[in-house]
Peer 1: 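I'd like to ask some things about the structure below.
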Amino acid sequence: MLEKTFTPGAIEPEIYAQWEASGAFAAHPESGKRPYCIMMPPPNVTGSLHMGHALTFTLQDILTRFERMRGRDVLWQPGTDHAGIATQMVVERNLEAAKTTRHDLGRAKFIERVWQWKTESGGTITRQLRSLGASPDWPRERFTMDDGLSAAVRRVFVQLHKEGLIYRDKRLVNWDPKLHTAVSDLEVEGRETKGSLWYIAYPVEGSDESITVATTRPETMLGDTGIAVHPDDERYRHLVGRHVVIPLVNRRIPIVADAYADPTAGSGAVKITPAHDFNDFEVGKRHNLPLINIFDADARLNDAVPEAYRGLDRFAARKKILADLEAAGRLAKTEPHILMVPYGDRSGVVIEPWLTDQWYCNAAELAKPAIEAVERGATVFVPRNWENTFFEWMRNIQPWCISRQIWWGHQIPAWYAPDGRIFVEETETAAQAAARAHYKKDVALERDADVLDTWFSSALWPFSTLGWPTETIELKRYYPTDVLVTGFDIIFFWVARMMMMGCKFMGEVPFKTVYIHALVRDERGQKMSKSKGNIVDPLRVIEKYGTDALRFTLTALAAQGRDIKLAESRIEGYRNFATKLWNAARYAEMNECRLDAEFDPAKAELTVNRWIAASLAHATLRVTAAIEEFKFNDAADALYHFVWGNFCDWYLEFTKPILTGADAAAKAETRAMTAWVLGQVVHLLHPIMPYVTETLWTHLAGEKAGMLITARWPHYGGLADAEAAAEMDWVVSLIAQIRTARAEMNVPPGNEIAAFITEAGATELAWIERHGDQLRRLVRLSMIHPVDAKAPAKQNSIQVVVEGASLLLDLAGAIDLGKERARLKKEEQAIRDELDKIAAKLGNPNFVARAKPEAVEEQRNREAEARASLARLDAAIARIGGA
RNA sequence: GGGCGUGUAGCUCAGUGGGAGAGCACUUCCUUGACAUGGAAGGGGUCGUAGGUUCAAUCCCUGCCACGCCCACCA
C-alpha cells in the first residue's frame with residue numbers, strides 16, 4: 001500500500017542507488033541503437049550546487065531520460081573542471097588560515113595540496129548532482145586534469161604552436177595585481193564607476209603656453225611619453241612637433257598629431273601612456289613613442305618614477321600626484337565623470353594594462369571555420385537569436401591570452417634553452433631531443449612556469465573526454481554530440497572555444513544543437529549572489545519540497561528567451577502537484593485499479609474511458625513535441641493540466657459512480673483504464689519527476705515489470721475520439737452550469753435537489769441519460785425527471801440553460817425570483833454581447849468575402865449556437881415572468 | 001556607440017492573425033470514502049504607447065516610452 005503522504009526525502013536516495021546500481025545510466029557504445037550524446041558542462045571540481053546548476057542539469061537529465069526511453073543509446077558524459085584560478089584561490093585561502101602561503105610551500109608541494117583538496121572536496125558536486133536525480137554515465141566521469149585530458153591539451157598546444165596559431169608575444173595584457181596573473185578579456189568586467197576627469201596643464205617647452213589634457217588616471221602621467229592632438233584641430237595645430245615637460249617628472253615628451261585624439265572629448269588633447277593603456281599602446285606604436293612601465297606586479301610604482309612616488313600603491317599615488325599638481329598650480333580643473341573601470345571577475349580588484357610576455361592563441365583564424373559552421377547550420381542555436389551574439393563576438397575576436405601566472409593547471413609544454421630559444425613539445429624528453437638536435441649537444445632546459453587558461457582544456461571537452469587523440473569507439477560514435485545545454489553567460493568562454501577547437505581538431509562541429517537556457521534569478525529578478533544574500537539553495541529546496549518539485553518548477557519556468565525568476569510559492573505549487581499525483585495513485589490502488597497487460601485502451605467502450613484515452617494521447621503528442629523542441633515549459637504545462645485538470649478533476653470524479661456501481665463490465669473497463677492512464681502518466685512525467693514516478697510505477701506495475709527509467713516512451717495511434725470529446729465536453733459544461741447556478745443562488749452544497757428536463761434534443765437527452773449517475777453525484781441531484789414530467793412551480797426552482805438543453809432544479813421551497821431573474825439576465829447579456837461581436841463580423845461584407853471560409857463557417861456556427869442558447873434562456877426568463 | 005531581450009490579472013509568467021490564459025494571492029462556500037499539499041463557485045486585464053499592414057492585430061511591421069542584459073578603447 002502507498003503511504004498516506006509522499007515523503008520524497010525518505011525514498012530518493014534509495015531509488016537513486018537502485019538506478020545507479022542497475023546500470024541504467026550507462027551508455028552502450030557496442031549496441032546497435034542510435035546514439036545520443038550530451039556533454040555535461042563540467043562544474044568546478046571544488047564547487048557546490050547552485051540554482052543555475054540545478055536548472056541546467058535538470059534540463060539535461062530530462063533530455064537524457066527522454067531519449068533513453070525513446071530507445072536511443074544515450075551518453076551523458078559527466079565530469080568536472082579543475083577551474084585553475086578559482087580552485088587555486090580556495091586552497092590559498094585555506095593556507096592563509098594556516099598562516100602560510102603557496103610561496104612558502106613551493107610549487108610542487110602546493111600542487112600536491114590542491115590535489116589533496118580535490119580529493120577531499122571534489123566529490124561534493126557530483127554527490128549533489130546525484131541528489132538532483134541526474135543520470136549521467138558516472139563510470140565515465142572525467143576531470144580536465146586527468147592524464148588523458150592533459151595529454152590532449154599538450155597535443156593541441158603543440159600542434160597549434162607548430163602551425164603558428166599559438167605564439168608568444170609581448171604586449172599589454174589585463175594584469176590582475178592581486179592574483180599576479182594575466183587574465184583574458186572575458187575575465188574582465190567593466191563596472192560603471194563615479195570618478196573624475198582631471199585637467200592637467202603641461203607646460204610647452206620654450207614657451208609660456210601650456211597644453212591641457214584631460215585624464216581619468218592622473219597617476220599614469222608618470223609614464224607619459226607623448227601628447228596627442230587631432231591633426232585637424234586648429235587649436236593645437238601650431239603645437240604639433242613641439243614638446244612639453246611633464247609636471248612633477250620633468251621629462252620632455254613630444255606633441256604628436258593622431259586621429260585618435262577626439263577634439264570633442266575633454267580638452268581635445270590627450271596624454272599618451274603606451275605602457276598602461278590599450279589605446280595609447282597603439283598610438284605609441286604609430287609614433288615610435290617609448291614605453292615606460294611604471295608599475296610592478298602589485299601595481300605599485302616602480303623605480304622608473306621620481307623617487308617621491310616609488311613604492312606607492314596606484315591609488316595612493318593618484319592622491320599624492322593630484323595634491324602635488326594642485327600645489328604646483330598644474331591642475332586646471334576637475335569634473336565629475338562616470339567611467340567604466342575594469343575589474344578582475346575573480347579577484348574583484350582593478351585590472352591594470354601591463355606589458356608582459358604571454359602566450360597567445362590566434363583565435364581569429366580558428367574562428368573562421370566555426371563561424372562558417374554556424375552559418376551553414378551545422379550547429380544550430382536554440383533560441384536562434386543567440387547566433388547573432390555568437391557571430392558578433394567571433395567576427396571581432398581578439399587574440400586569446402592563454403597563459404596564466406598561477407600554478408594549478410596544465411603547465412605549458414614549452415622549454416627554454418639558456419639562450420632563450422623555446423622548444424615546444426609534448427614532453428620534456430622530446431623538447432630535450434629537439435634541443436640536442438639544434439645545439440648538437442645537451443643543454444639544460446627550463447620549463448615555462450605558466451599554466452594554461454582553464455578554458456583551454458574545457459575547449460577540448462567534447463572530444464578529449466571521448467578519448468582523443470586515440471581513435472576510440474566512443475569518439476567515432478558520439479562525436480559530434482547531439483546537443484549542448486548551457487547558459488548564455490558562457491557562450492564566449494566555452495561554446496565558442498569548443499566550436500573552434502572541435503572544427504580544428506575533429507574537422508567537425510562538437511554539437512548539432514546548442515540549447516541556451518535562461519539564468520535563474522531571485523523572485524525580484526536580481527541575479528543571485530552571495531553578496532546580495534538572495535541565494536536560493538537548491539539543496540535546501542530539495543530537502544523542503546523534494547527533488548521532483550524543484551525539477552518540475554525549473555522545467556515549468558524554463559520558457560525560451562526569458563530569465564527565470566524563482567519564487568518559492570511556485571515550488572510549493574508544484575510540490576502540491578506531486579502530492580496530487582501521489583493521491584491519485586493511492587485512490588487507484590484503493591479501488592483495485594490494476595495494470596492489465598491484456599487491456600487495449602483503443603477497445604474501450606464507455607465514453608468517459610474513450611475520452612480520457614484520447615485526452616492522454618493528445619497530451620502525449622504535446623509533451624513529446626515540446627521536449628523535442630526544447631520547449632520544456634510546454635511539456636510541463638501539458639502534463640500539469642492533463643493530470644490535474646483532466647485526469648483528477650474530471651476522470652476520477654466522473655468514474656466514481658462506475659467503480660461503486662453494479663455494472664461489472666463497466667467497472668472492469670474503468671479500473672483497467674484508470675491503471676493504464678496512470679501508468680502512462682508516470683512514463684510521461686518521468687523525465688521531469690523521476691523519483692515520484694519511479695516509486696508509483698513500482699507500486700502499480702510491481703517489481704518484475706522493471707524500472708521506469710528503462711521503460712519505453714509512450715506512443716500510440718488510434719485513440720483520438722472526437723465523438724467522446726464532444727459528449728464529455730457537453731456533460732462537463734452542463735455540470736459547470738448547474739454548479740454555477742447552485743452557487744449563485746446560494747443553494748447549500750449538501751442539498752440534493754430534483755432536476756426536470758424542460759427541453760432537450762435527442763442527442764442531449766441520451767447524454768443526460770447515459771451520465772445520470774455522474775450528474776446526480778457531481779452536482780447533487782436526487783433525481784432527473786424526463787421532459788414531460790410535471791415541473792415544479794416557478795417560484796420554487798432555478799433554471800439551467802446549456803447548449804441544446806434546459807433544466808429546472810426544484811428547490812422545494814421559495815427562491816428569490818428577483819435574484820434568479822438577475823442571474824439569467826446576466827447570462828443573457830453575455831450571450832447578446834457575443835452575438836453582437838459575431839454580427840459585426842458577419843455583417844462585414846469584406847469579412848465574408850475575404851476571410852478564410854473556415855473562419856466564416858466558424859462564426860456562423862457560433863452564431864447559431866448562441867441564438868439557440870439565447871432562445872432557451874429567453875424562454876426560461878419568460879417562465880419566471882421576466883421581461 | 002552597437003547588439004539582444006522584455007513590457008499581458010495584485011505578484012511571477014505562458015500564449016495565439018479571428019471567442020484573453022496559468023500558478024500564487026484575493027472573495028464566498030465545502031472537512032462528501034484519493035488528496036484541506038484538497039474541492040466548488042467568483043472578482044480582477046482598453047495585452048506599454050502612437051501609427052501602419054490586414055476583412056480582422058494582444059500577436060506582423062515602424063516609431064516612441066520604460067526596464068534589463070551583453071559587447072565596445074573614447075581621455
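Residue numbers start from 1 in every chain, and the chains themselves are labelled A, B, ... in the order their sequence lines are given, proteins ahead of strands. Since this is a predicted model, take the numbers as computed values, not measurements.
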Peer 1: Take atom CG of D489(A) and atom P of C70(B), then tell me their distance rounded to the nearest Å.
Peer 2: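 Going from CG in D489(A) over to P in C70(B) covers 10 Å.
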Peer 1: Show the distances under 3.5 angstrom between N or O atoms of the protein and N or O atoms of nucleotides 32-34 of chain B.
Peer 2:
{"residue": "A34(B)", "atom": "OP1", "partner": "K656(A)", "partner atom": "NZ", "Å": "3.1"}
{"residue": "A34(B)", "atom": "O2'", "partner": "N583(A)", "partner atom": "OD1", "Å": "3.2"}
{"residue": "A34(B)", "atom": "O2'", "partner": "R586(A)", "partner atom": "NH1", "Å": "2.9"}
{"residue": "A34(B)", "atom": "N7", "partner": "K656(A)", "partner atom": "NZ", "Å": "3.3"}
{"residue": "A34(B)", "atom": "N6", "partner": "C648(A)", "partner atom": "O", "Å": "3.4"}
{"residue": "A34(B)", "atom": "N6", "partner": "E653(A)", "partner atom": "OE2", "Å": "3.1"}
{"residue": "A34(B)", "atom": "N3", "partner": "N583(A)", "partner atom": "O", "Å": "3.1"}
{"residue": "A34(B)", "atom": "N3", "partner": "A584(A)", "partner atom": "N", "Å": "3.3"}

Peer 1: Whole-Å distance between G38(B) C1' and W650(A) CH2?
Peer 2: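 Roughly 16 Å, once rounded to whole Å.
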Peer 1: Rounded to the Å, how far apart are F552(A) CZ and G23(B) P?
Peer 2: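 Rounding to the nearest Å, CZ of F552(A) and P of G23(B) are 12 Å apart.
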Peer 1: Determine, using ring centers only, whether F654(A) and W650(A) are less than 6.0 Å apart.
Peer 2: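 Ring centroids of W650(A) and F654(A) are no less than 6.0 Å from each other.
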Peer 1: Just to be sure I understand the rule, does Y574(A) reach a base, reach only the sugar-phosphate, or reach nothing, if contact means heavy atoms closer than 4.0 Å?
Peer 2: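 If one applies the 4.0 Å heavy-atom cut-off, Y574(A) turns out to touch nothing in the nucleic acid.
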Peer 1: Only one of F488(A), Y515(A), F492(A) forms a ring pair (Phe, Tyr, Trp, His ring centres under 6.0 Å) with W386(A), so which one is it?
Peer 2: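 With W386(A) as partner, F488(A), Y515(A), F492(A) yield a single ring pair (Phe, Tyr, Trp, His ring centres under 6.0 Å), made by F488(A).
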Peer 1: Students often get this wrong, so: under 4.0 angstrom with heavy atoms, is G573(A) touching a base, only sugar-phosphate, or nothing?
Peer 2: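 Counting heavy atoms under 4.0 Å across all strands, no contact is made by G573(A).
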Peer 1: Which string of ( ) [ ] | and . matches RNA chain B, if you list each base 5' to 3' and count Watson-Crick or G-U pairs only when both distances are under 3.5 Å?
Peer 2: (((((((..((((....[..)))).(((((.......))))).....(((((..]....))))))))))))....
Peer 1: With sugar-phosphate meaning primed atoms plus P, OP1 and OP2, does W644(A) contact a base, only sugar-phosphate, or nothing at under 4.0 Å between heavy atoms?
Peer 2: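 Contact class for W644(A): sugar-phosphate only.
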Peer 1: Would you indicate what A228(A) reaches in the nucleic acid, counting non-hydrogen atoms under 4.0 angstrom: base, sugar-phosphate, or nothing?
Peer 2: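 No contact at all - A228(A) keeps every heavy atom at 4.0 Å or more from the nucleic acid.
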Peer 1: Return the polar atom pairs (N/O with N/O) between nucleotides 14-17 of chain B and the protein under 3.5 Å, or none.
Peer 2:
{"residue": "A14(B)", "atom": "OP1", "partner": "R562(A)", "partner atom": "NE", "Å": "2.6"}
{"residue": "A14(B)", "atom": "OP2", "partner": "R562(A)", "partner atom": "NE", "Å": "2.2"}
{"residue": "A14(B)", "atom": "OP2", "partner": "R562(A)", "partner atom": "NH2", "Å": "2.4"}

Peer 1: Would you indicate what Y640(A) reaches in the nucleic acid, counting non-hydrogen atoms under 4.0 angstrom: base, sugar-phosphate, or nothing?
Peer 2: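 Contact class for Y640(A): sugar-phosphate only.
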Peer 1: Listed by chain and number, what are the side chain to side chain donor-acceptor pair (under 3.5 Å) partners of Y202(A), not counting sequence neighbours?
Peer 2: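 So Y202(A) forms a side chain to side chain donor-acceptor pair (under 3.5 Å) with D224(A).
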Peer 1: Look at all strands and tell whether R739(A) reaches a base, only sugar-phosphate, or nothing, counting heavy atoms closer than 4.0 Å.
Peer 2: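 If one applies the 4.0 Å heavy-atom cut-off, R739(A) turns out to touch the sugar-phosphate alone, with no base involved.
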Peer 1: Looking for any heavy atom pair under 4.0 Å, which part of the strands does T389(A) touch: base, sugar-phosphate only, or nothing?
Peer 2: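 Counting heavy atoms under 4.0 Å across all strands, no contact is made by T389(A).
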Peer 1: Please check the phosphate of U12(B) (OP1 and OP2 only) for any side-chain N or O of S569(A) closer than 4.0 Å.
Peer 2: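 The answer is no; no side-chain N or O of S569(A) sits under 4.0 Å from OP1 or OP2.
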Peer 1: In residues 854-866 of chain A, what residues come within less than 4.0 Å of RNA chain B, judged by heavy atoms?
Peer 2: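 Hits under 4.0 Å, by residue number: A855(A), Q859(A), R862(A).
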Peer 1: Please tabulate, for the side chains in residues 838-853 of chain A, all donor-acceptor contacts under 3.5 angstrom to protein atoms that are two or more places apart in sequence or on a different chain.
Peer 2:
{"residue": "N844(A)", "atom": "OD1", "partner": "N846(A)", "partner atom": "N", "Å": "2.8"}

Peer 1: What nucleotide, of C55(B), G5(B), G39(B), holds the atom closest to the side chain of F847(A)?
Peer 2: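 Within the option list, the nearest is C55(B).
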